[in-house]
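Have a look at the structure below before the remarks.
Owing to the predicted nature of the structure, the values given are computational and were not obtained by experimental measurement.
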Amino acid sequence: MNPQSKDQRIAVVGAGRVGVPLAAALREAGFSVEGPLGRGETPAPCDAVVLCVPDAEIAAAAEAVAGAAPLVGHTSGATPLAALGPANAERFGLHPLQTFAFGSGPETFTGAGAAVAGSTPRALDFAASLARRLGTTPFEIDDEGRAAYHAAAALASNFLVTLQAAAESIAAGAGLEPSEARALLVPLLRRTVDNLAELGPEAALTGPIARGDYATVAAQRGAVEEVAPHLLDLFDELVRHTHSLAAQGASA
C-alpha cells in the first residue's frame with residue numbers, strides 16, 4: 001500500500017494535541033480523512049487507522065478499531081507495536097519528534113523528525129511514506145530502542161520547560177515577576193538553542209562554569225539557596241553535569 005496514492009482513506013482516532021493537527025495535515029497532503037474520531041468510536045472501513053491516544057489507552061483503542069483497516073498504527077514514542085494487539089496483522093508506529101500544544105496546526109509537522117516502525121516491511125514503508133507526506137523526516141526506531149529514544153526527547157523538550165520554570169522562580173530573587181523573567185530569558189533561550197544546533201553542546205556552552213569562574217558559581221548557589229531552596233538539589237546536579245561537559249570541551 002503506497003501512501004503516494006491520492007485516494008488513500010485514513011481514519012484518525014483521538015481528538016487531542018496530536019490527533020487534531022494530524023488529521024488536518026493528512027487532509028492537506030491529499031488524503032481522504034475520517035476524524036479525528038473520539039476514543040472508542042469505530043471508523044468506517046479504510047486503508048489505515050492512526051491512533052492518537054494516551055499510551056495506556058492504545059490497546060483498548062486498537063481493539064475497538066480491529067478489522068476496520070489492514071494497517072493500524074499509533075503515534076506513541078515509547079509504546080511498542082505489540083500494544084496494537086495480535087489481531088492487527090500489520091502494525092506501524094509514527095511518532096513525530098515535535099512538541100504539540102493545544103491549538104497546534106498542521107504546519108507543526110513540517111521539518112520535524114518522525115520515528116517510524118513496522119511489524120512488516122509493508123507497514124514500515126507505509127509509515128515512512130506517510131511521514132514524508134506530512135513534511136517530516138522518517139528514521140527507524142525498533143522496540144528495544146524506544147525507551148531511550150523517548151527519554152532523550154523528554155530531556156530535550158519536557159525538561160527544558162521544567163528548567164525554564166525553575167529559572168523564573170529563581171529570578172524572583174531579582175524582583176522579577178514570572179512574566180517579566182520569561183520575556184527576558186526566552187530570547188536567551190532561543191539564542192542558546194541556535195548555538196547548540198550550529199556548534200554542538202561543548203562549543204555552545206558559555207557562562208561561569210565554561211570559563212572556570214567558580215566564585216561566581218558559588219554566589220549563584222547562595223542565591224538559589226536563599227530564594228528557592230527547593231531547587232538547590234537541581235542546581236547542584238546541573239552544575240556537576242555542566243562541569244563534565246566543560247571538561248569535554250576543554251579536552252576536545
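- Of all heavy-atom pairs between Arg17 and Phe100, the closest is CD-O, 3.2 Å.
- Atoms CG and CZ, on Leu26 and Arg9 in that order, are 14.5 Å from each other to the nearest 0.5 Å.
- Taking 4.0 Å as the cut-off between side-chain N and carboxylate O, Arg122 and Asp125 do not count as a salt-bridged pair.
- Taking the side chain as every heavy atom from C-beta outward, Arg132 and Pro138 approach each other to under 4.5 Å.
- Side-chain contact, Thr108 with Gln98: no donor N or O sits under 3.5 Å from an acceptor N or O.
- Between the CZ atom in Arg190 and the CG atom in Leu185 there is a gap of 12.0 Å [rounded to 0.5 Å].
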| message | One pair to check against side chain to side chain contact (heavy atoms under 4.5 Å, CB included): Gln220 and Thr216. What are the steps and the verdict? | response | CA-CA 6 Å; Gln220 291 175 341; Thr216 296; 4.1 Å; yes
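- Listed by first and then second residue, the side-chain hydrogen bond (donor to acceptor under 3.5 Å, both in side chains) pairs that reach into residues 64-80 are Asp55-Ser76, Asp55-Thr79, Ser76-Thr79, sequence neighbours excluded.
- Nearest heavy atom pair, residue Glu41 against residue Pro43, reads O-CD, 3.6 Å.
- Put simply, the side chain of Thr136 never gets that close to the backbone of Ala112: no donor and acceptor are under 3.5 Å apart.
- Here the side chain of Glu180 pairs a donor or acceptor atom with the backbone of Glu177 at under 3.5 angstrom.
- Atom OG1 of residue Thr110 and atom CD of residue Glu28 lie 8.5 Å apart, to the nearest 0.5 angstrom.
- Leu205 CG to Leu196 CG: the interatomic distance, rounded to the nearest 0.5 Å, is 10.0 Å.
- Of the candidates Leu232, Val239, Leu238, Asp236 forms a side-chain contact (heavy atoms from CB on, under 4.5 Å) with just one, namely Leu232.
- In this structure, Asp47 and Leu71 have side chains that are not in contact, with every pair of non-hydrogen atoms separated by 4.5 Å or more.
- The shortest non-hydrogen separation linking Leu199 to Ala204 is CB-N, 4.2 Å.
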| request: Could you go through the side chain to side chain contact (heavy atoms under 4.5 Å, CB included) check for Thr192 and Leu188 one step at a time? | output: CA-CA 6 Å; Thr192 301; Leu188 171 63; 4.2 Å; yes
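- In this structure, Cys46 and Ile10 have side chains that are not in contact, with every pair of non-hydrogen atoms separated by 4.5 Å or more.
- Closest approach of Gly105 to Pro21, counting heavy atoms only: O-CB, 3.6 Å.
- Residues Ile141 and Leu94 do not share a hydrophobic cluster, defined by chaining ILVMFWY side chains whose heavy atoms lie under 4.5 Å apart.
- In this structure the side chain of Leu130 reaches within 4.5 angstrom of the side chain of Phe126, judged on heavy atoms.
- Few gaps surround CD on Glu107; more than 12 heavy atoms of other groups in view lie less than 6.0 Å from it.
- There is a path of hydrophobic side-chain contacts, each under 4.5 Å, that joins Leu81 to Ile58.
- No donor-acceptor pair under 3.5 Å is formed between the side chain of Arg211 and the backbone N or O of Thr206.
- Leu22 is listed as a side-chain neighbour of Leu134, based on a closest heavy-atom distance under 4.5 Å.
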| Stepwise, does the side chain to side chain contact (heavy atoms under 4.5 Å, CB included) test hold for Arg191 with Asn195? | CA-CA 6 Å; Arg191 182 68 254 178; Asn195 289 345; 3.0 Å; yes
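- A pairwise comparison of heavy atoms in Val217 and Pro208 identifies CG2-CB, 3.9 Å as the closest pair.
- One hydrophobic cluster holds both Val50 and Val33 under the rule that ILVMFWY side chains link at heavy-atom gaps under 4.5 Å.
- Of all heavy-atom pairs between Ala64 and Thr42, the closest is O-OG1, 3.5 Å.
- Using a 4.0 Å cut-off between a side-chain N of Lys or Arg and a carboxylate O of Asp or Glu, Glu168 and Arg182 qualify as a salt bridge.
- Looking at Thr99 and Val161, their side chains never come closer than 4.5 Å, going by heavy atoms from C-beta outward.
- Linking ILVMFWY residues whenever their side-chain heavy atoms come closer than 4.5 Å, directly or via other members, places Leu163 and Ile209 in the same cluster.
- With contacts defined as side-chain heavy-atom distances shorter than 4.5 Å, the pair His243/Arg240 does not qualify.
- Residue Leu245 holds its CG atom at 11.0 Å from NE2 of His241, rounded to the nearest 0.5 Å.
- Scored by the side chain to side chain contact (heavy atoms under 4.5 Å, CB included) test, Leu231 finds Ala166, Ser169, Ile170, Val224, Ala228, Leu234 as partners (sequence neighbours excluded).
- Aromatic ring orientation, Tyr149 versus His95: perpendicular (interplanar angle above 60°, classes split at 30° and 60°).
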